Trainee: 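Got a structure here, written out as structure tokens. Questions coming.
Quick caveat, the model's predicted, so the values are computed rather than measured. Heavy atoms only: backbone and side chains are in, while hydrogens, waters and symmetry mates are out. In what follows, every chain begins at residue 1, and chains take the letters A, B, ... in the order their sequences are listed.
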Number of protein chains: 2
Amino acid sequence: MSQADDKTLSKSQRAYHYIKERIARQEFTPGYRLVLGSIAGELDMSVVPVREAIRQLEAEGLVTFERNVGAHVSMVDDSQYRFSMQALSVMEAAAIALAARHLSADDISRARAVNERMTAGLVDFEPHTFTALNREFHSILFAQCANPRMLELVNAEWARLGHLRYSTFTFVPGRAQESVQEHENLLLLIEAEAPLYEIEKAARHHRSATLDAFLIHEHPDEALRLLSF
Amino acid sequence: MSQADDKTLSKSQRAYHYIKERIARQEFTPGYRLVLGSIAGELDMSVVPVREAIRQLEAEGLVTFERNVGAHVSMVDDSQYRFSMQALSVMEAAAIALAARHLSADDISRARAVNERMTAGLVDFEPHTFTALNREFHSILFAQCANPRMLELVNAEWARLGHLRYSTFTFVPGRAQESVQEHENLLLLIEAEAPLYEIEKAARHHRSATLDAFLIHEHPDEALRLLSF
DNA sequence: CGCAGCACCATGATATACGATTTCGGATAC
DNA sequence: GTATCCGAAATCGTATATCATGGTGCTGCG
């Protein structure tokens, strides 16, 4: 139950984590009506902290709120996933480029280790762990980004994607193989201290390709034109 | 007083706008202690709506909040401004590139009209209106961005910059001249249907140059290495 | 003279109560 | 049979009251 019942947290925060988690595990599905009173009852608190929690979730875009009506879990259609993914491709690539010169040899080898575990995982493919490793790999790369604001935005967008759905790999397992290869290429570029624009280009392409794979899988007809610079 | 006293808004929202506005006009300066009770008193409401308002502002990063202690207006040092600006340079450039093919001839001429008013404003330079026009110009360009998520992020970042300080032009008036010229160049590229990466490059460069101007003005020593692809 | 401990005060956190708004269903009229 | 209106129930919105927490200043002891 994670931190939803941590006694050191304020009740608002407990409610916040509680609702967020139930949304994450799809117990509150998109469109679900969130009734303050009921949730307060479940958590054995009054509605005031629940209201605050929902306001926070609203700010994050997880729920929509209408005055005197109530809160619903946000509707997320495929397009939102695509758009988020594309935004991430742009921001993350820039973040990785900004981080490239700050990555130590140790960072690189840690990233490579993760990528090797991903390679190993290709045989008996398990989308969930693969996705987790993928995120870890990417995190290592942009973690050293010298621009904390950008880091914040990238992390926020990753989190958002996490809420939208599990991952592309669940839907397009074939993409995993390529993905691992592109990871290694990216590492090589960074090690070679390739020009930053090359690194950014590679990183953006890597993510765009993931998105393309997803699009081709779900919407073979309406391909979204991507930036490829 | 704008919308801070609109009777149709909920009290939380009134409080929200009220506080935000006072921060914007520097009446609540960074570090200022926001006391719930006092604000509630000023607005003639109880503390509950004020709490919610502050939670929202916290989510936006305008105020920091510490449990059982209270809220302060966020400290914003120069670096935050730079980081935000850089993030914006990356996102907005991508957004403009994505919008480029969707801009009508009318959009272009509106943008050009704005830019001409900026040119006219160069003679008796007035940072505030110039900044407003600048924002309008940029808005026209990325408004047609096909990716609404990216649009959201770009707008949010513009708003954030607005809170941090008035604008670069206040500090580096000399930048205005170049800026206007770069605007025209950008318009020409879009009209010519230049490759998207060219447009993105130009847009990013335009913003980076603004940031550079600011940096050179404030921190001649520690130049932040920017992405130039 | 300085530091530690305690008590009081300011402020935030939450609960409970009441008022306001909306929504939905049923009844009535056409 | 259908449309419209009215009312009750559900739910949100806010205020007031009480409890918990953290800060600050005073006092007493070393």
Trainee: Would you mind telling me which residue lines up with the more 5' stretch of DNA chain D, V48(A) or E66(A), judged by nearest nucleotide?
Mentor: E66(A)
Trainee: Rounding to a whole Å, what distance do you find between M45(B):CE and dG13(D):P?
Mentor: 14 Å
Trainee: What nucleic acid atoms does V69(B) come within less than 4.0 Å of, heavy atoms only: base, sugar-phosphate, or nothing?
Mentor: sugar-phosphate
Trainee: Just checking, any donor-acceptor pair under 3.5 angstrom between side chains of S84(B) and R160(B)?
Mentor: yes
Trainee: Which is true for V35(A) with a 4.0 Å heavy-atom rule: it touches a base, it touches only sugar-phosphate, or it touches nothing?
Mentor: sugar-phosphate
Trainee: In whole angstroms, how far is the C1' atom of dA10(C) from the CG atom of L34(B)?
Mentor: 16 Å
Trainee: Provide, to the nearest angstrom, the distance between the CG atom belonging to L36(A) and the P atom belonging to dT21(C).
Mentor: 18 Å
Trainee: Where do Q56(B) and Q56(A) land on the side-chain hydrogen bond (donor to acceptor under 3.5 Å, both in side chains) test, with the steps shown first?
Mentor: CA-CA 7 Å; Q56(B) 282 182 260; Q56(A) 281 182 262; over 6 Å; no
Trainee: Separation of H72(B) atom NE2 from dG12(C) atom C1', in whole Å?
Mentor: 13 Å
Trainee: I'd like to know if E52(A) pairs up with K11(A) as an ion pair, taking the criterion as any Lys NZ or Arg NE/NH1/NH2 lying under 4.0 Å from an Asp or Glu carboxylate oxygen.
Mentor: no
Trainee: dG12(C), dT21(C), dT14(D): which one has an atom nearest the side-chain heavy atoms of N68(A)?
Mentor: dT21(C)
Trainee: Could you please name the option among dG13(D), dG12(C), dT16(C) that lies closest to any side-chain atom of S10(B)?
Mentor: dG13(D)
Trainee: Between C1' on dC18(C) and NZ on K11(B), what's the gap in Å once rounded to a whole number?
Mentor: 14 Å
Trainee: What is the separation between atom CG on L43(B) and atom P on dT14(D), rounded to the nearest whole Å?
Mentor: 12 Å
Trainee: Of the listed nucleotides (dT14(D), dT14(C), dC12(D)), which one gets closest to any side-chain atom of P49(B)?
Mentor: dT14(D)
Trainee: Begin from the C-alpha positions of R55(B) and E60(B) and carry the test salt bridge (charged side-chain N to carboxylate O under 4.0 Å, His left out) through to its verdict.
Mentor: CA-CA 9 Å; R55(B) 273 279 154 72; E60(B) 285 180 41; over 6 Å; no
Trainee: Just how far, in rounded Å, is C1' of dT14(C) from CG of D44(A)?
Mentor: 12 Å
Trainee: Ignoring backbone atoms, establish whether R51(A) has a side-chain N or O less than 4.0 Å from OP1 or OP2 of dG13(D).
Mentor: yes
Trainee: In whole Å, I'd like the distance from the CZ atom of R67(A) to the C1' atom of dT14(D).
Mentor: 10 Å
Trainee: Applying a 4.0 Å non-hydrogen cut-off, can you work out what I54(B) is touching in the nucleic acid: base, sugar-phosphate, or nothing?
Mentor: nothing
Trainee: Looking only at the side chains, is there a donor atom on one of R14(A) and Y18(A) sitting less than 3.5 Å from an acceptor on the other?
Mentor: no
